[in-house]
Amino acid sequence: MAGSGSAHLRGDEALLSVQDLVVEYPTKAGTVQAVSKISFDVLPGETLGIVGESGCGKSTTGRAVLRLDRVTAGRIRFGTDWIEQIDEKHMRQLRRDMQMIFQDPISSLNPRRAVKEIVVEGMTVAGAPKADRAKKSSEVLDSVGLPPDRYSDVLPKALSGGQAQRVAIARALALNPRLLICDEPVSALDVSVQAQILNLIEDLKAEFNLTVVFIAHDLGVVRTVSDNVMVMYLGKVCEFGDSVEIYEDPAHPYTRALLDSVPLTDPEKGFAGPALEGDVPSPLSPPTGCRFRTRCPNVQDRCVTEEPEMREVRPGQFAACHFPIESIRKTSTPVLSKQL
Ligand code: ADP
């Protein structure tokens with residue numbers, strides 16, 4: 001079981017369990033504390049959204065799960081495997097089950113290969129027969145809305161951004177993954193295309209029985225796809241809980257500031273608090289106590305000296321804050337005194 005600050009963990013039934021993960025990058029300027037002891041679970045079939053400003057450690061977290069970055073400390077369980085411990089050969093097999101989709105689809109595709117070859121790259125490496133590959137290639141292209149007779153022989157340079165992201169998704173699906181990690185998958189796309197790709201991921205999730213980790217700095221995007229949301233700030237988890245609850249009734253001042261920074265379509269639903277100002281402090285020397293304190297509108301002395309632990313501030317909603325925002329829901333039962 002994870003150590004302190006893990007009240008929001010949901011136990012053995014999780015497909016992915018990250019416990020006290022630390023990822024640090026040694027650099028000439030010092031040690032970058034990219035991810036500092038974070039814990040979270042993803043249940044089978046769930047979509048977990050990870051949000052936060054750029055540089056908060058979202059991508060590093062996704063990469064650590066696939067062990068693309070060295071895990072400095074902590075534990076990561078995927079299914080029955082503890083991935084920080086297994087050897088590289090076993091990890092290569094596991095990576096078939098955990099596919100990742102990136103922000104820049106074009107550069108993730110081999111420019112010299114036709115679409116029909118790209119989508120079954122993994123099967124080719126595994127030595128699958130040509131006929132099986134051809135069948136699978138048609139199937140997955142169909143699934144992502146690219147008619148195989150029109151797109152099979154096309155090279156990546158002839159694809160639009162949205163089409164290239166569909167190819168990247170098809171390539172991931174061809175390996176029948178259990179977990180899909182989407183790292184800013186629509187940030188580089190036109191707004192009109194973003195909705196199409198998000199809908200596609202939603203449809204495929206049901207069709208292919210996928211569990212999804214969805215990383216994005218755009219709260220609107222994360223909200224539409226996520227069951228639960230984890231808000232990160234400077235390598236730490238600030239808030240975790242049901243996506244509707246967090247967006248409608250944030251408990252952490254950082255979550256609220258992020259929401260205030262987003263232009264609202266319905267001004268009636270806006271929050272009164274001030275929008276987020278200033279930059280994220282350097283991860284080379286994060287602030288003492290609460291890392292958000294240098295930008296927090298509610299900062300008090302305790303925040304400077306004492307790091308807040310994750311605790312349940314309303315039923316099912318967890319925040320790492322000494323002075324969480326009171327619920328705006330009259331019906332909600334506060335559990336602020338229940339230190340878990
Ligand atoms: P996000 O995905 O939230 O934008 P990242 O996980 O990419 O954040 O980065 C977290 C922090 O780690 C940032 O300060 C970033 O500059 C730093 N970082 C990421 N990768 C490296 C690396 N390979 N070497 C040094 N610092 C890194």
Side-chain angles (χ1 to χ4, degrees), residues 15-16 18 21 23 25 32 34-35 38 40 42 46-71 76 78 83 91 94-110 118 121-122 144 156 161-175 177-191 193-202 204-205 208 210-237 240 243 258 280 283:
L15 174 66
L16 174 67
V18 172
L21 175 70
V23 182
Y25 300 108
V32 175
V35 171
I38 69 164
F40 62 93
V42 192
E46 180 179 86
T47 298
L48 173 70
I50 305 183
V51 285
E53 289 161 285
S54 178
C56 285
K58 306 181 298 294
S59 292
T60 301
T61 302
R63 291 172 57 80
V65 168
L66 283 162
R67 224 175 66 185
L68 298 174
D69 282 328
R70 204 177 65 80
V71 171
I76 302 172
F78 177 67
I83 70 161
M91 193 62 223
L94 267 192
R95 283 199 196 102
R96 296 168 62 91
D97 280 348
M98 300 191 278
Q99 289 291 303
M100 194 154 178
I101 296 167
F102 299 94
Q103 177 172 351
D104 182 0
I106 303 267
S107 73
S108 81
L109 308 178
N110 185 332
I118 290 172
E121 267 165 9
V144 298
Q163 288 165 348
Q165 196 57 291
R166 285 173 192 268
V167 171
I169 294 170
R171 176 177 55 185
L173 293 177
L175 292 163
R178 294 160 75 196
L179 178 70
L180 194 61
I181 300 180
C182 305
D183 189 357
E184 302 271 8
V186 298
S187 310
L189 305 176
D190 291 344
V191 172
V193 182
Q194 287 188 2
Q196 293 168 14
I197 297 293
L198 293 176
N199 288 337
L200 175 67
I201 292 172
E202 277 292 281
L204 295 173
K205 199 187 145 199
F208 288 82
L210 294 168
T211 303
V212 177
V213 173
F214 195 99
I215 297 168
H217 67 280
D218 182 329
L219 284 111
V221 164
V222 171
R223 179 182 195 162
T224 52
V225 297
S226 307
D227 301 306
N228 280 312
V229 169
M230 178 168 89
V231 183
M232 284 187 75
Y233 184 76
L234 202 51
K236 294 271 183 193
V237 178
F240 184 99
S243 104
L258 272 183
V280 181

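Residues: numbered from 1 along the sequence shown.
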Open item on the list: I need the F102 CZ to R63 CZ distance, nearest 0.5 Å.
Closed with: 6.5 Å
Open item on the list: Quick check: closest heavy atoms across A64 and L21, and the distance to 0.1 Å?
Closed with: CB-CD2, 3.9 Å
- [ ] With the side chain counted from C-beta on, respond yes when Y25 and V35 share a heavy-atom pair under 4.5 Å apart, and no when they do not.
- [x] no
Task: Heavy-atom side-chain proximity of T224 to V222 below 4.5 angstrom - done: no
- [ ] Could you give me the CA-CA distance, side-chain angles and deciding distance for L180 and V213, then say whether side-chain contact (heavy atoms from CB on, under 4.5 Å) is met?
- [x] CA-CA 6 Å; L180 194 61; V213 173; over 6 Å; no
- [ ] Please identify each residue that fulfils salt bridge (Lys or Arg N to Asp or Glu O under 4.0 Å) with K236, with sequence neighbours left out.
- [x] E307
- [ ] Could you tell me whether a side-chain N or O of D227 sits under 3.5 Å from a main-chain N or O of T47, the two making a donor and an acceptor?
- [x] yes
Open item on the list: Could you check whether any side-chain heavy atom of T61 comes within less than 4.5 Å of a side-chain heavy atom of V18, counting everything from C-beta outward?
Closed with: no
Task: Interatomic spacing from CD1 in I197 to CD in Q163 - rounded to 0.5 Å - done: 9.5 Å
Open item on the list: So does P177 get a backbone contact from the side chain of Q99, meaning a donor-acceptor N/O pair under 3.5 Å?
Closed with: no
- [ ] Please examine the side chains of L234 and P283, heavy atoms only from C-beta on, and report whether any two atoms are closer than 4.5 Å.
- [x] yes
- [ ] Check each of V225, I169, V212 against C182 using the side chain to side chain contact (heavy atoms under 4.5 Å, CB included) test, and report the only one that passes.
- [x] V212
Task: Residue pair V144 / L173: nearest heavy atoms and the distance that separates them - done: CG1-CD1, 4.1 Å
Task: Any donor-acceptor pair under 3.5 Å from D190 side chain to V193 backbone - done: no
- [ ] Before giving the answer on salt bridge (charged side-chain N to carboxylate O under 4.0 Å, His left out), spell out for R223 and D218 the whole-Å C-alpha distance, their side-chain angles and the decisive distance to 0.1 Å.
- [x] CA-CA 9 Å; R223 179 182 195 162; D218 182 329; over 6 Å; no
- [ ] Evaluate side-chain contact (heavy atoms from CB on, under 4.5 Å) for F214 paired with V221, printing each intermediate quantity in order.
- [x] CA-CA 9 Å; F214 195 99; V221 164; 3.4 Å; yes
TODO: Mind checking the CG-CG spacing from L219 to L258? Nearest 0.5 Å is all I need.
DONE: 5.0 Å
Open item on the list: Could you measure the distance from the CZ atom of F208 to the CD1 atom of I201? Nearest 0.5 Å is fine.
Closed with: 13.0 Å
TODO: Say whether E46 and N228, considering side chains only, have a donor N or O and an acceptor N or O under 3.5 Å apart.
DONE: yes
Task: side chain to side chain donor-acceptor pair (under 3.5 Å) partner of S108, the single match among R171, Q165, Q103 - done: R171
TODO: Quick one: do H217 and E184 satisfy side chain to side chain donor-acceptor pair (under 3.5 Å)? Show the steps, please.
DONE: CA-CA 7 Å; H217 67 280; E184 302 271 8; 3.0 Å; yes
TODO: Search all heavy atoms of I101 against all heavy atoms of P185 and return the closest pair with its distance.
DONE: CG2-CB, 4.3 Å
Task: R166 and Q196: CA distance, side-chain angles, deciding distance, side-chain contact (heavy atoms from CB on, under 4.5 Å) verdict - done: CA-CA 10 Å; R166 285 173 192 268; Q196 293 168 14; 3.6 Å; yes
TODO: Measure the shortest side-chain to side-chain distance between L175 and R95 over non-hydrogen atoms and say whether it is less than 4.5 angstrom.
DONE: no
Task: Gap between atom CD1 of I118 and atom CG of L109 - 0.5 Å precision - done: 5.0 Å
TODO: Evaluate the side-chain proximity of V65 to L16: yes if any heavy-atom separation is below 4.5 Å, no if none is.
DONE: yes
- [ ] Kindly give the heavy-atom pair with the smallest separation between P105 and G161, and that separation in Å.
- [x] CG-O, 3.5 Å
Open item on the list: Looking at every non-hydrogen atom in both residues, tell me the closest pair between R96 and G122 and how far apart they are.
Closed with: NH1-O, 3.7 Å
- [ ] For L179 and I181, run side-chain contact (heavy atoms from CB on, under 4.5 Å): C-alpha distance rounded to whole Å, both residues' side-chain angles, the deciding distance at 0.1 Å, then the answer.
- [x] CA-CA 6 Å; L179 178 70; I181 300 180; 4.1 Å; yes
Task: Under 3.5 Å: donor-acceptor pair, side chain of K58, backbone of G52 - done: yes
TODO: Looking only at non-hydrogen atoms, find the nearest pair between A164 and I106 and report the distance.
DONE: CB-CD1, 3.7 Å
TODO: For residues R67 and M98, determine if any side-chain heavy atom of one lies less than 4.5 Å from a side-chain heavy atom of the other.
DONE: no
- [ ] Check whether NZ of the Lys or CZ of the Arg R178 lies under 6.0 Å from the centre of the six-membered ring of F78 and within 45 degrees of that ring's axis.
- [x] yes
Task: Min side-chain heavy-atom separation F40-L48 under 4.5 Å - done: yes
